[in-house]
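All remarks here apply to the structure that follows.
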Amino acid sequence: MTTPPDPASPSAHGLVDAAHELGLIRLVVEQMSDGVVITDAQLAAPGPRIVYINPAFTRITGWEARDIIGKTPRILQGPKTDRRVIEHLRQAVRESRASDFETYNYRRNGEPYLNQWRIAPLKDAQGAVTHWVSIQRDVTERRRQEELAHVRENELAHAGRLSAMGELASGLAHELNQPLAAIANFSHGAVRRMDAPVGLSQAQVRQTLTKVADQAERAGEIIRRIRRFVVSREPQHGEFSLTESAQGVLEMIGYELRARSIDAVVTADPQTPAVFGDAVQIEQVILNLLTNAMDAVVDRPGAGRIDLRVGPAEGPSRARGARVEVVDDGAGIPDDVRDHVFEPFFTTKPNGVGVGLVISQSIVIAHRGRLDTAPNPPHGTRVSVWLPCRAV
């Protein structure tokens with residue numbers, strides 16, 4: 001049975017004596033799931049030496065206290081350890097500032113593991129650094145799972161692009177057929193005129209060949225655009241123009257828009273900054289949103305307009321970036337459906353799969369962006385995508 005505290009004792013009034021306080025702190029440190037390492041503050045070679053490790057550090061690295069106390073943390077380094085990270089660590093120690101790091105360290109048995117850690121100086125009453133404490137975490141498995149999820153997301157996105165191209169195949173074939181037909185007409189026309197009693201002049205030959213070359217370039221551009229969109233590849237991040245992406249997607253589905261008698265225009269603010277990300281994936285997002293907007297417009301009699309608005313915008317935490325909005329005057333999203341549009345395989349389309357918006361949201365989140373939907377009174381929907389203008 002626990003003896004109740006003496007009402008007259010300091011602990012009974014919420015005060016804990018120093019010895020008990022230190023005991024609590026030791027219990028916390030020894031029961032932590034993260035590794036804890038304390039070194040002295042020696043800067044001269046060979047550098048700080050380990051004076052304490054907790055049991056979690058032993059579980060992570062295999063090093064027992066009796067074998068590692070007195071050694072430097074360099075004992076954890078190996079071939080995969082990023083030397084730039086170590087130099088940043090040394091700089092932080094020289095400047096007596098707390099910092100975060102991540103690189104590969106090595107267990108006692110030589111196995112590498114991805115270590116994520118934070119160091120902080122311990123100072124005495126005069127402000128002098130006496131020791132350094134490091135909180136360490138083995139993130140190898142977490143990173144592996146993140147990479148697997150990344151691969152799955154890329155595969156799903158690629159499948160989405162192939163599906164989109166399949167749905168647009170007839171329109172793309174028509175777009176490609178136009179320049180090919182023009183090439184054939186110009187060529188046959190030139191041959192007939194060359195066989196005529198009065199042949200073609202050099203200027204006329206040049207003019208005809210120029211028209212053929214222009215149409216060939218147009219056909220080539222359509223093929224390059226399709227190939228760029230459907231090829232399976234690792235994401236390629238960099239700065240790109242959101243305006244050019246919106247215009248490119250609009251051109252790619254131009255035949256579908258004309259076939260459905262839908263007017264679609266891009267309105268772009270010239271002050272829109274370049275955004276950071278994978279241009280093909282963002283074009284996939286815009287294509288998905290445009291496809292949804294086309295279906296919504298067709299579903300409402302009298303509708304027939306889609307606006308793509310591109311401009312600068314602030315995002316989460318007032319981060320600088322750009323926004324593209326797809327605004328339609330279609331049937332809109334019913335209230336009972338709005339909360340489910342980002343659920344996998346949820347769809348209101350008879351032949352829909354229900355992954356377009358899910359893929360789009362996944363891509364935008366991976367770009368540290370945001371995707372929102374809202375009504376567009378009196379009819380229609382506004383879907384907006386915000387993207388950062390630099391890596392975050």
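In the model, E251 has no side-chain atom that pairs as donor or acceptor with a side-chain atom of Q247 under 3.5 Å. There is no side-chain donor-acceptor pair under 3.5 Å between E30 and N54.
Linking Ile, Leu, Val, Met, Phe, Trp and Tyr residues whenever their side-chain heavy atoms come within less than 4.5 Å places V364 and I286 in a single cluster. Clustering ILVMFWY residues whenever any of their side-chain heavy atoms sit less than 4.5 angstrom apart, transitively, puts W386 in a cluster other than the one holding L242. Criterion: ILVMFWY side-chain heavy atoms under 4.5 Å apart, direct or through other members. Under it, V298 and V326 are part of a common hydrophobic cluster. Linking Ile, Leu, Val, Met, Phe, Trp and Tyr residues whenever their side-chain heavy atoms come within less than 4.5 Å places V29 and V51 in a single cluster. Tracing side-chain contacts under 4.5 Å through hydrophobic residues (I, L, V, M, F, W, Y), one reaches V37 starting from I68; they form part of the same cluster.
Nearest heavy atoms, D40 versus H131: CA-CD2, 3.8 Å. Minimum heavy-atom separation, S187 to V212: OG-CG2, 4.1 Å. Shown here for N109 and E111, the closest heavy-atom pair between the two residues is OD1-N, 2.9 Å. When all heavy atoms of Q136 and N115 are compared, the closest pair comes out as OE1-ND2, 3.2 Å. A293 approaches I306 most closely through the heavy-atom pair CB-CD1, 3.7 Å. Closest non-hydrogen pair, P73 versus T39, comes out as CG-CG2, 4.0 Å.
The main-chain N or O of E102 is never found under 3.5 Å from a side-chain atom of W117 such that the two would form a donor-acceptor pair. In this structure a side-chain-to-backbone donor-acceptor pair under 3.5 Å is missing from R107 to T61. Panel note: side chain N376, backbone V327; no donor-acceptor pair is recorded below 3.5 Å. At least one donor-acceptor pair under 3.5 Å links the side chain of R74 to the backbone N or O of P46. Side chain of D82 to main chain of Y104: no donor-acceptor pair is present (N/O by atom type, distance under 3.5 Å, no hydrogens or angles). Side chain of D372 to backbone of S384: no donor-acceptor contact under 3.5 angstrom is found. Using modelled atom types, no side-chain atom of Y106 and backbone atom of I75 make a donor-acceptor pair closer than 3.5 Å. With hydrogens and angles ignored, the 3.5 Å screen pairs a side-chain donor or acceptor of T58 with a backbone N or O of W63.
Ion pair R137/D34 flagged as a salt bridge, since at least one NZ, NE, NH1 or NH2 atom sits closer than 4.0 Å to an Asp/Glu carboxylate oxygen. One finds no salt bridge joining D138 and R143 here, because no Lys/Arg side-chain nitrogen approaches an Asp/Glu carboxylate oxygen to under 4.0 Å. Comment: D67 engages R108 in a salt bridge, judged by a side-chain N to carboxylate O separation of less than 4.0 angstrom.
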Problem - Verdict with reasoning, L308 to L250, per side chain to side chain contact (heavy atoms under 4.5 Å, CB included) - result: CA-CA 9 Å; L308 279 80; L250 206 59; 4.1 Å; yes

Exercise for the section: Could you give me the CA-CA distance, side-chain angles and deciding distance for D100 and R118, then say whether salt bridge (charged side-chain N to carboxylate O under 4.0 Å, His left out) is met? Expected result: CA-CA 4 Å; D100 298 286; R118 179 175 180 79; 2.7 Å; yes

Handout entry: Step-by-step side chain to side chain contact (heavy atoms under 4.5 Å, CB included) determination, E141 to L114
Key = CA-CA 9 Å; E141 180 59 22; L114 189 59; over 6 Å; no

Without placing hydrogens or testing angles, list every side-chain donor-acceptor pair under 3.5 Å for residues 260-277, not counting sequence neighbours.
unit_1 : atom_1 : unit_2 : atom_2 : d
R260   : NH1    : D295   : OD1    : 3.0
D269   : OD1    : Q271   : N      : 2.8
T272   : OG1    : D269   : O      : 2.7

Let me check something: any side-chain donor-acceptor pairs from residues 85-94 under 3.5 Å, sequence neighbours excluded? List them with distances.
unit_1 : atom_1 : unit_2 : atom_2 : d
E87    : OE2    : R94    : NH2    : 2.9
H88    : ND1    : R84    : O      : 3.4
Q91    : OE1    : R94    : NE     : 3.4
Q91    : OE1    : R94    : NH2    : 2.6
Q91    : NE2    : E95    : OE2    : 2.4

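With sequence neighbours left out, the side chain to side chain donor-acceptor pair (under 3.5 Å) criterion links Q77 to R83.
The 12-atom threshold is not exceeded at CZ of R370, counting heavy atoms of other residues, nucleotides or ligands nearer than 6.0 Å. In E244, the CD atom is not crowded: 12 or fewer heavy atoms of neighbouring residues, nucleotides or ligands sit closer than 6.0 Å.
T81 contributes atom OG1, which lies 8.5 Å from atom CG of L76 (distance to the nearest 0.5 angstrom).
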